[in-house]
Structure formats: C-alpha cells, structure tokens
S.K.: 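Structure below; questions to follow.
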Amino acid sequence: MARSSSERWLAPAFFDRPTLEVARDLLGATVQVRGPGGPRATELVEVEAYGPADPASHAYRGPTRRNRTMYGPPGGVYVYRIHQVVCANLVTRRGEAVLLRAGTPVGPERTSASGPGRLCRALGLTFADDGTRVSRTGRFSVRAAPDRLDQAIVASPRVGISRAIDRPWRFSVAGSPWVSRPGPRLT
DNA sequence: GAAAAGATTACCT
DNA sequence: GGTAATCTTTTCC
C-alpha cells in the first residue's frame with residue numbers, strides 16, 4: 001500500500017500486510033492517544049518489526065497469556081510490561097507486530113518519547129490499553145505518514161534482544177535526534 | 001511451586 | 001560503560 005495524504009487515518013487494513021512493510025510505513029506516522037487530559041500525539045521515528053519464525057518475538061513459541069493480543073486482529077495494540085515499564089506494539093498479521101520505540105516529544109511539555117518505555121509514558125499508555133484497537137475516533141489512532149519523508153529510512157539490528165540479533169529489523173528516521181540510543185548503525 | 005530471564009531505564013563511576 | 005531496580009511471565013522441575 002502506498003502512502004497517501006497526510007490527513008489519512010490508518011484503518012486496520014493498513015496493518016494486514018507483511019510486518020516489515022508496515023514497520024517502514026509507520027515511520028513518520030503520528031500516533032494519537034485520547035485521554036482525560038486531552039489528546040497526546042507523537043510522530044514515530046523508530047520502530048522494530050517482530051515477524052514470523054522470529055526467535056526474538058514474544059510469539060515465537062505460540063500463543064500465551066501475555067501475547068494473546070498478537071493473535072488478535074490487525075491493528076490491535078499489544079502492550080506488555082518489562083521492568084516496571086510498559087511498551088506498545090501494533091499487531092500486523094497473526095502473531096506478528098511492530099514495536100513502537102521512539103517518537104518526537106509529546107505535548108507542550110515536550111515529554112521525551114525516545115525509547116519504548118518513555119514513548120508509552122509520554123502518551124499515557126498503560127497495561128490497560130492492551131487489546132484495544134486502532135480506530136479513527138477511538139482512544140488510539142494513527143495518522144498516515146506524509147507521502148514523502150524528508151529523511152531516509154535506516155535499517156539496523158534490533159535493540160535489547162539476545163536472539164536473532166543479526167536481523168536488521170529496526171527502522172529509524174536517519175538523522176532524527178529522537179531516535180533512542182545507541183543510535184542507528186550508519187551502514 | 002520455584003527459578004530464571006527480560007523487546008528497559010536511571011543512575012553510578 | 002556498567003549495574004541495580006523491580007516484578008511479571010515463562011519455563012522447568
């Protein structure tokens with residue numbers, strides 16, 4: 001699916017595509033979360049794909065209590081906890097998802113969204129959001145990236161995993177100051 | 001039922 | 001650059 005107008009909200013069908021394609025197309029997209037204090041939004045600058053037959057994926061060993069959302073419909077929001085922090089993914093095809101790793105600062109406070117835990121905290125996402133679905137008018141919505149990104153997309157190894165560390169399935173916007181450390185590989 | 005590991009972050013030297 | 005915090009899920013016995 002090609003990128004479309006900058007005002008287009010992504011429908012669940014957008015996520016029903018190969019995970020690597022979805023991951024790349026999410027760079028530059030805007031994630032918005034509506035909450036009691038008003039909507040909070042960030043423009044994605046870094047994501048990671050967790051695909052099929054992927055030893056690093058939470059779904060590698062099949063459905064479990066934790067990863068059940070990954071087996072739900074495309075466009076689902078899979079939230080998991082790690083070390084007192086929550087991280088958010090968008091479900092693509094069955095058992096696959098894209099981890100949201102970093103975005104531009106959020107709100108007038110310019111709260112940091114650089115890093116998967118900080119991104120969730122900045123948007124006000126909690127474990128209670130696990131299992132919700134992307135929708136134009138709901139709590140969690142995603143607006144399409146511009147037709148053409150100003151900057152190139154960089155592929156590099158994923159962060160913080162111990163298996164399948166060779167797969168370059170981390171995608172980031174080249175030169176963005178908000179990409180989480182230690183920064184994308186330059187090659 | 002117990003133990004280990006973890007898609008992280010903050011703070012230390 | 002290294003490590004502690006901190007706790008749930010998973011995995012193994």
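Per chain, numbering begins at 1; letters A, B, ... match sequence-line order.
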S.K.: At under 4.0 Å between heavy atoms, which parts of nucleotides 1-9 of chain C does protein reach? Answer with one letter per nucleotide, 5' to 3': B base, S sugar-phosphate only, - none.
M.R.: ----BBSSS

S.K.: May I ask you to verify if any side-chain N or O of A:Arg121 is less than 4.0 angstrom from the OP1 or OP2 atom of B:dA10?
M.R.: yes

S.K.: For A:Tyr80 and B:dA7, do the ring centres fall under 5.5 Å apart while the planes stay under 30° apart?
M.R.: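 No; by the centre-distance and plane-angle rule, A:Tyr80 does not count as stacking on B:dA7.
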
S.K.: Is there a donor in the side chain of A:Ser180 and an acceptor in the side chain of A:Glu46, or the other way round, less than 3.5 Å apart?
M.R.: yes

S.K.: To the nearest angstrom, how far is A:Arg61 atom CZ from B:dA4 atom P?
M.R.: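 A:Arg61 atom CZ is separated from B:dA4 atom P by 17 Å.
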
S.K.: Checking A:Arg133 side chain against A:Pro74 main chain: does a donor-acceptor pair fall under 3.5 Å?
M.R.: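 A pair under 3.5 Å: yes.
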
S.K.: Mind checking whether A:Val159 and A:Glu48 have side chains closer than 4.5 Å, heavy atoms only?
M.R.: yes

S.K.: Any donor-acceptor pair under 3.5 Å linking the side-chain atoms of A:Arg136 with those of A:Ser141?
M.R.: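 Looking only at side-chain atoms, A:Arg136 and A:Ser141 do not form any donor-acceptor pair under 3.5 Å.
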
S.K.: Locate the shortest heavy-atom distance separating A:Trp178 from A:Ala102; write the atom from each residue and the value.
M.R.: O-CB, 3.5 Å

S.K.: Is there a Watson-Crick or G-U wobble partner for C:dG2 with both distances under 3.5 Å, and which nucleotide is it?
M.R.: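 C:dG2 is paired with B:dC11.
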
S.K.: When the distance from CD1 of A:Ile161 to P of B:dG6 is rounded to whole Å, what number comes out?
M.R.: 11 Å

S.K.: In this structure, how many angstroms lie between the C1' atom of B:dA5 and the NE2 atom of A:His58, rounded?
M.R.: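 Taking NE2 of A:His58 and C1' of B:dA5, I get 11 Å after rounding.
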
S.K.: Less than 4.0 angstrom between a side-chain N/O of A:Ser162 and OP1 or OP2 of B:dA5, yes or no?
M.R.: no

